[in-house]
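Comments concern the structure below.
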There are 2 protein chains.
Amino acid sequence: MAEAIKSWVMAKGLQPGDRLPSESALIARFGMAKGTIREAIRLLEAQGLVTSRTGPGGGVFVHRVSDQRAATLLGNYFYFQDLTIEDVYQIREALEPELAASLAGKLDAGQLAELEDIMTRYAAPARDIGEERDQHIASLLFHARLAEMSQNPLLGFLIRFTANMLSDITVSRRLYAQLNRELWASGVGFQTRLIAALHDGDATAAREIMAEHMRTARRLMRLQETVLTQRFLAEGDLL
Amino acid sequence: MAEAIKSWVMAKGLQPGDRLPSESALIARFGMAKGTIREAIRLLEAQGLVTSRTGPGGGVFVHRVSDQRAATLLGNYFYFQDLTIEDVYQIREALEPELAASLAGKLDAGQLAELEDIMTRYAAPARDIGEERDQHIASLLFHARLAEMSQNPLLGFLIRFTANMLSDITVSRRLYAQLNRELWASGVGFQTRLIAALHDGDATAAREIMAEHMRTARRLMRLQETVLTQRFLAEGDLL
DNA sequence: CCCAATTTGTTCGTATGTATC
DNA sequence: AGATACATACGAACAAATTGG
């Protein structure tokens, strides 16, 4: 029944911002009771396709599915799969270099400045765990912003999604607290060289710099996961 | 309010198949009216997190989000972005070779046989448009099955998703009707060599074969899109 | 085959909250 | 401040589907 409304909306070619008929109008049109209509609207709302506002001029409106919503919905799917950090890095290692290459020479001065600005947030080594965590988040933000600059919506979404998913995993497992200095050192150097390559329009260099960074991060993460497992075995009640 | 139920479910650590309290029980527990509870359940249902059955022994059950559902939900997001075929191929060109490499030497005889079986469906050149369409679908099935064999759930999902999205786009635009013989010829040859490399456990060869196939398909698709645009201009009412 | 119990699904009437004019 | 228009919430009744005796 939500499908009926959805296809009706698509048939009418409604665009984001357009208003759906009011509840009473939908009741009349589809010949269903208020509760049923409302449940159908909830189905659409959960998918992020509509939003509703109360009051005069309010109603139900077509809404473009937000990046956030799409990521959450897709995250629900992987909640039941058992993804490893290694799985996520396999994707990043394939996609991030591609992104870097495709952006070489395409960014304006403002965008390059923004990336440099983010970089300054971890120009200095972290002095405590809190700073270390902040730097880790900021470095993921660097990738997320880069992804938003992509002309390819699919590529941009996937990179933001994997970066966020990694952020969730690592923060929840407190991996960031153990990240060693090597990652920090390689991270700053990498971004400096990457921004230069992007500025110069050197796609090959940008790709290779990013690829190397991914390989390094993946290797370090792999080490951390080993450490983590050892800790679990040492601390927890042994089987 | 659906979030309250969702977090309650996660707090209880319910697993797929576990039953949620009945509507009346939820009404008692959360102190809300039946309609409100039902709307909340619809929100979870739309996300694919629960399903419900009527009758004795029925109720609302935790459900692992299906592949299908996740793909549909993610597809809604991209409905509002304007994705091009080129965008999708940029992802495939990055991911498919990675998949091929990671599966080299990991498939058993049954899996290899299944891939060969799919291949036989387009061993001969298509004689009419209908056959051509079937072959196009079958070739996408080849990629989808290969993706399901991946040990990486994220990689598998993304490849199935991009292949399906491409299938939707091309079928709806009737591109398949224009696919030329070069794609068919290269397709069969590619799969034969790919299966051999997978069997031999030659990851490097598998990656390169797939990469070459993707480059070829992407190039041909690009030509087709040009043709399609020209047709629109020739046929439709000119501006 | 039918009957009864259980649980979700649907309907209606009414009341409340909220934002606009 | 008050009227209006809209979504939101409540409660009671009835319908449909499924299972077991």
Side-chain angles (χ1 to χ4, degrees), chain A residues 1-10 12 14-66 68-69 72-73 76, chain B residues 1-66 68-69 72-73 76:
Chain A
M1 317 219 151
E3 277 306 313
I5 295 182
K6 184 175 170 182
S7 54
W8 181 83
V9 168
M10 292 181 67
K12 291 276 282 186
L14 294 187
Q15 295 298 309
D18 289 351
R19 206 189 118 173
L20 269 66
S22 68
E23 277 188 5
S24 51
L26 287 173
I27 292 169
R29 172 178 299 275
F30 290 94
M32 288 182 295
K34 186 169 38 191
T36 311
I37 293 290
R38 288 180 58 83
E39 287 183 20
I41 291 177
R42 285 295 166 280
L43 282 171
L44 298 178
E45 190 174 289
Q47 298 174 58
L49 293 169
V50 302
T51 53
S52 48
R53 290 196 298 274
T54 61
V60 180
F61 299 84
V62 178
H63 192 258
R64 47 181 338 131
V65 181
S66 73
Q68 197 69 39
R69 177 69 61 128
T72 302
L73 261 19
N76 283 339
Chain B
M1 317 219 152
E3 278 307 312
I5 295 182
K6 184 174 170 182
S7 55
W8 181 83
V9 167
M10 292 181 68
K12 292 275 282 186
L14 294 186
Q15 296 298 310
D18 290 350
R19 207 192 116 169
L20 269 66
S22 67
E23 281 186 3
S24 50
L26 287 173
I27 292 169
R29 173 178 298 275
F30 290 93
M32 289 183 293
K34 181 183 169 96
T36 311
I37 292 291
R38 288 181 58 81
E39 288 183 21
I41 291 177
R42 284 296 162 279
L43 283 172
L44 297 177
E45 191 175 283
Q47 299 174 60
L49 293 169
V50 302
T51 54
S52 47
R53 292 194 298 274
T54 63
V60 181
F61 299 85
V62 178
H63 193 260
R64 50 183 331 133
V65 181
S66 73
Q68 196 69 40
R69 177 71 61 130
T72 302
L73 260 20
N76 283 340

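A note on names: the letters A, B, ... follow the listed sequences, proteins ahead of strands, and every chain is numbered from 1.
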ask   = Rounded to whole angstroms, how far apart are CG on B:Leu26 and P on C:dT8?
value = 8 Å

inquiry  = Does any part of the side chain of A:Leu49, heavy atoms only, come nearer than 4.5 Å to the side chain of A:Val9, both counted from C-beta?
reply    = no

message = On DNA chain D, compare the nucleotides closest to A:Gly55 and A:Lys34; which residue's is nearer the 5' end?
response = A:Gly55

task = Taking only the side-chain nitrogens and oxygens of A:Ser22, find out if one of them lies under 4.0 Å from OP1 or OP2 of D:dA5.
result = no

task = By nearest nucleotide on DNA chain C, pick out whichever of A:Pro56 and A:Gly35 is the more 5' one.
result = A:Gly35

Phosphate-side-chain proximity, A:Arg38 and C:dT10, N/O vs OP1/OP2 below 4.0 Å = no

message = Measuring to OP1 and OP2 of C:dA19, would you say a side-chain N or O of A:Arg53 lies under 4.0 angstrom away?
response = no

query = Among A:Lys34, A:Arg38, A:Arg29, whose salt bridge (Lys or Arg N to Asp or Glu O under 4.0 Å) with A:Glu23 holds?
reply = A:Arg38

inquiry  = So if I apply the side-chain hydrogen bond (donor to acceptor under 3.5 Å, both in side chains) rule between A:Asn76 and each of B:Arg64, B:Arg69, B:Gln47, which one comes out positive?
reply    = B:Gln47

key: Min side-chain heavy-atom separation B:Leu44-B:Val60 under 4.5 Å   = no

request  = Return the minimal non-hydrogen interatomic distance between B:Ser52 and B:Glu45, and the atom names on each side.
outcome  = OG-OE1, 3.2 Å

key: A:Arg42 bridged to A:Glu39 by N-O distance under 4.0 Å   = no

task = In whole angstrom, give the distance that lies between atom CD1 of A:Ile37 and atom P of C:dT10.
result = 11 Å

query = When the distance from CD of A:Glu23 to C1' of C:dT11 is rounded to whole Å, what number comes out?
reply = 14 Å

ask   = To the nearest angstrom, how far is B:Phe30 atom CZ from D:dC10 atom C1'?
value = 18 Å

ask   = Between C:dT8 atom C1' and B:Glu45 atom CD, what is the distance in whole Å?
value = 11 Å

ask   = Rounded to whole angstroms, how far apart are CZ on A:Phe61 and C1' on D:dA5?
value = 12 Å

query = Under 4.0 Å between a side-chain N/O of A:Thr36 and OP1 or OP2 of C:dT11, yes or no?
reply = yes

inquiry  = What's the closest nucleotide to the side chain of B:Glu39 if the choices are D:dA7, C:dT11, D:dA9?
reply    = D:dA9

ask   = Hey, does A:Gly59 reach any base, or is it just sugar-phosphate, or nothing, if we go heavy atoms under 4.0 Å?
value = sugar-phosphate

remark   = Nearest heavy-atom approach of B:Phe61 to B:Gly17 is CD2-O, 3.4 Å

query = To the nearest angstrom, how far is A:Ile41 atom CD1 from D:dA9 atom C1'?
reply = 15 Å

key: B:Ala33 side-chain proximity, nearest of C:dC12, C:dA19, D:dG11   = D:dG11

message = Could you tell me how far apart B:Arg42 (CZ) and C:dT10 (C1') are, to the nearest whole angstrom?
response = 11 Å

task = To the nearest 10°, let me know how far the axis at one end of the helix from C:dC2-D:dG21 to C:dC21-D:dG2 is tilted from the axis at the other, five pairs an end.
result = 10°

